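Each remark here refers to the structure printed beneath this line.
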Amino acid sequence: MNSKCQRVELNDGHFIPVLGFGTALPLEVPKSRIKELTKIAIEVGFRHFDSASVYKTEDYVGEVIRSKIADGTVRREDVFYTTKVWCNCLRPELVRSSLEQSLKKVQLAYVNLYLMHYPVALKPGEDEYPVDEHGKLIFDTVDLLATWEAMERCKEAGLTKSIGVSNFNRRQLETILNKPGLKYKPVCNQVECHPYLNQMKLLDFCKSNDIVLVAYGVLGTQRYTGWVDQNSPVLLDEPVLCSMAKKYNQTPALIALRYQLQRGVVALNSTLNEKRVKENTKVFEFQLSSEDMKVLDGLNRNLRYVNTPMFAGHPNYPFSDEY
């Protein structure tokens, strides 16, 4: 991959590679598995790595990145690393310490992007999913604008180059954009996005406010048990994707990835298949016609694979609005 032409500029002047590698793993997969996948990803040209404190893979990913810096494969400035503050650390006084813990795990001096993982606050403490005696999540009441101010201070302290949000809807983005005394706009909003959930309205809103839409689940997710309805349709089995894959002599996954890049969306790719890690870098070797892009637009069915029903009782539940 030629990294020079595969980045887009963020609204704070930094650049993000348009193809990223996701480092979350299904529960049944050992966390150490991410080491080999990250190593291969760097070797085949990936420079954008998306992680989060809740993924429990940061120490492994950091180990590989540092080893590849040490052996001269990459420089730190070539690598774009994202982490996220989890829902039990959204109180302003916890935001910086959460980032510092991630930095300690990954053993880097700074991250490139720090995101609010969800606009839903949970009770602070050691437990990432605090529950009451009935097994219900214990929510917290937090002013997300105060959380955002704490994110801004992390940027000013040099702990992160850029700050953004994840899983925010239009209304929640507007709340931050309209904040009195706003110092830094979110550079991005990371959301689930694929041909079955093309997020057209949210994408248009983000573009109009110079916010990059970063897509996860672009291949229909890894269908995590407990998070994804196992009866939902498999995106990569979609006949239209399979037909286009034959037409362009590519895989259905590459068609789904290319679709996002041509819409101006940054696409995060996750796979446990080492062969596909390399295969997915071929996304830059072809282009979809405008007619085929319209056909792919028509696949939208507002199907959300990751709808986090356990957050549904929270007033900030992000998926209750249309977009």
Side-chain angles (χ1 to χ4, degrees), residues 10-16 20 22-24 48-63 65-66 76-77 79-130 137-168 172-173 175-190 211-212 214 311 314 316 318:
L10 300 169
N11 62 40
D12 63 357
H14 294 295
F15 289 82
I16 184 170
T23 64
H48 174 181
F49 295 90
D50 181 81
S51 197
S53 60
V54 79
Y55 296 168
K56 300 287 186 282
T57 57
E58 292 198 283
D59 47 351
Y60 297 115
V61 175
E63 181 186 337
I65 289 173
R66 294 193 317 276
R76 173 62 187 95
E77 54 267 36
V79 176
F80 191 99
Y81 183 83
T82 299
T83 193
K84 309 176 188 81
V85 56
W86 184 240
C87 305
N88 64 342
C89 291
L90 291 188
R91 289 189 182 181
E93 65 271 21
L94 300 177
V95 169
R96 177 168 176 157
S97 61
S98 175
L99 176 52
E100 287 172 338
Q101 286 173 34
S102 284
L103 287 170
K104 189 175 179 182
K105 287 174 191 165
V106 80
Q107 292 186 44
L108 296 174
Y110 63 89
V111 299
N112 297 84
L113 181 59
Y114 190 36
L115 304 179
M116 237 189 281
H117 208 144
Y118 279 93
V120 174
L122 297 176
K123 176 187 173 184
E126 292 297 311
D127 195 346
E128 287 162 339
Y129 295 93
L137 279 177
I138 305 172
F139 295 127
D140 194 22
T141 303
V142 173
D143 178 0
L144 292 182
L145 294 182
T147 305
W148 186 254
E149 288 177 0
M151 302 277 288
E152 291 179 323
R153 289 193 290 273
C154 288
K155 176 177 169 68
E156 289 174 340
L159 299 176
T160 181
K161 299 291 187 185
S162 302
I163 52 176
V165 297
S166 178
N167 296 303
F168 273 48
Q172 291 156 345
L173 276 173
T175 300
I176 291 183
L177 292 172
N178 295 330
K179 176 188 176 296
L182 182 71
K183 290 182 180 178
Y184 306 106
K185 290 202 305 186
V187 298
C188 73
N189 184 20
Q190 185 183 127
I211 294 170
V212 170
V214 178
F311 291 163
H314 194 280
N316 275 347

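Source: prediction; values computed, not measured. For the single chain, residues carry numbers from 1 onward in sequence order. Just so it is clear, the values below take in all heavy atoms, side chains as well, and ignore hydrogens, waters and symmetry mates.
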For the pair [X] (side chain) and [Y] (backbone), establish whether a donor and an acceptor sit closer than 3.5 Å, ignoring hydrogens and angles.
| X | Y | answer |
| --- | --- | --- |
| Asn316 | Val120 | no |
| Arg91 | Lys123 | no |
| Arg76 | Tyr110 | yes |

Return the [atom1] to [atom2] distance between [X] and [Y], rounded to the nearest 0.5 Å.
| X | Y | atom1 | atom2 | answer |
| --- | --- | --- | --- | --- |
| Lys179 | Asp143 | NZ | CG | 9.0 Å |
| Leu113 | His48 | CG | NE2 | 7.0 Å |
| Met116 | Leu144 | CE | CG | 5.5 Å |
| Thr141 | His314 | OG1 | NE2 | 6.5 Å |
| Asn112 | Ile163 | CG | CD1 | 14.0 Å |

Trace of the side-chain contact (heavy atoms from CB on, under 4.5 Å) decision for Tyr129 with Val54: CA-CA 10 Å; Tyr129 295 93; Val54 79; 4.1 Å; yes
Would you please test Trp148 and Val165 for side-chain contact (heavy atoms from CB on, under 4.5 Å) and show each step? CA-CA 9 Å; Trp148 186 254; Val165 297; 3.9 Å; yes
Which atom pair, heavy atoms only, marks the closest approach of [X] to [Y]?
| X | Y | answer |
| --- | --- | --- |
| Pro186 | Ile211 | O-CG1, 3.4 Å |
| Asp50 | Gln190 | OD1-NE2, 2.9 Å |
| Ser98 | Cys89 | CB-CB, 4.1 Å |
| Glu152 | Tyr184 | OE2-N, 2.9 Å |
| Val142 | Leu90 | CG1-O, 3.3 Å |
| Leu182 | Leu177 | CD2-O, 3.8 Å |

Could you check whether the rings of Trp86 and Phe311 sit parallel, tilted or perpendicular, using 30° and 60° as the cut-offs? tilted
Is the closest side-chain heavy-atom distance between [X] and [Y] below 4.5 Å?
| X | Y | answer |
| --- | --- | --- |
| Lys155 | Asp12 | yes |
| Val111 | Ser102 | no |
| Glu149 | Arg153 | yes |
| Gln101 | Ser53 | no |
| Leu10 | Phe15 | no |
| Val85 | Met151 | yes |
| Thr147 | Pro119 | no |

Carefully, step by step, assess Asn88 and Asp127 under the rule side-chain contact (heavy atoms from CB on, under 4.5 Å). CA-CA 8 Å; Asn88 64 342; Asp127 195 346; over 6 Å; no
Among Tyr55, Tyr118, Tyr114, the one residue meeting side-chain hydrogen bond (donor to acceptor under 3.5 Å, both in side chains) with Lys84: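 The side-chain hydrogen bond (donor to acceptor under 3.5 Å, both in side chains) with Lys84 is passed solely by Tyr55 among Tyr55, Tyr118, Tyr114.
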When Thr82, Thr83, Thr23 are each screened for side-chain hydrogen bond (donor to acceptor under 3.5 Å, both in side chains) with Ser51, the one that passes is Thr23
Between Leu108 and Arg66, is a side-chain contact (heavy atoms from CB on, under 4.5 Å) present by the stated rule, with each step listed? CA-CA 8 Å; Leu108 296 174; Arg66 294 193 317 276; 4.3 Å; yes
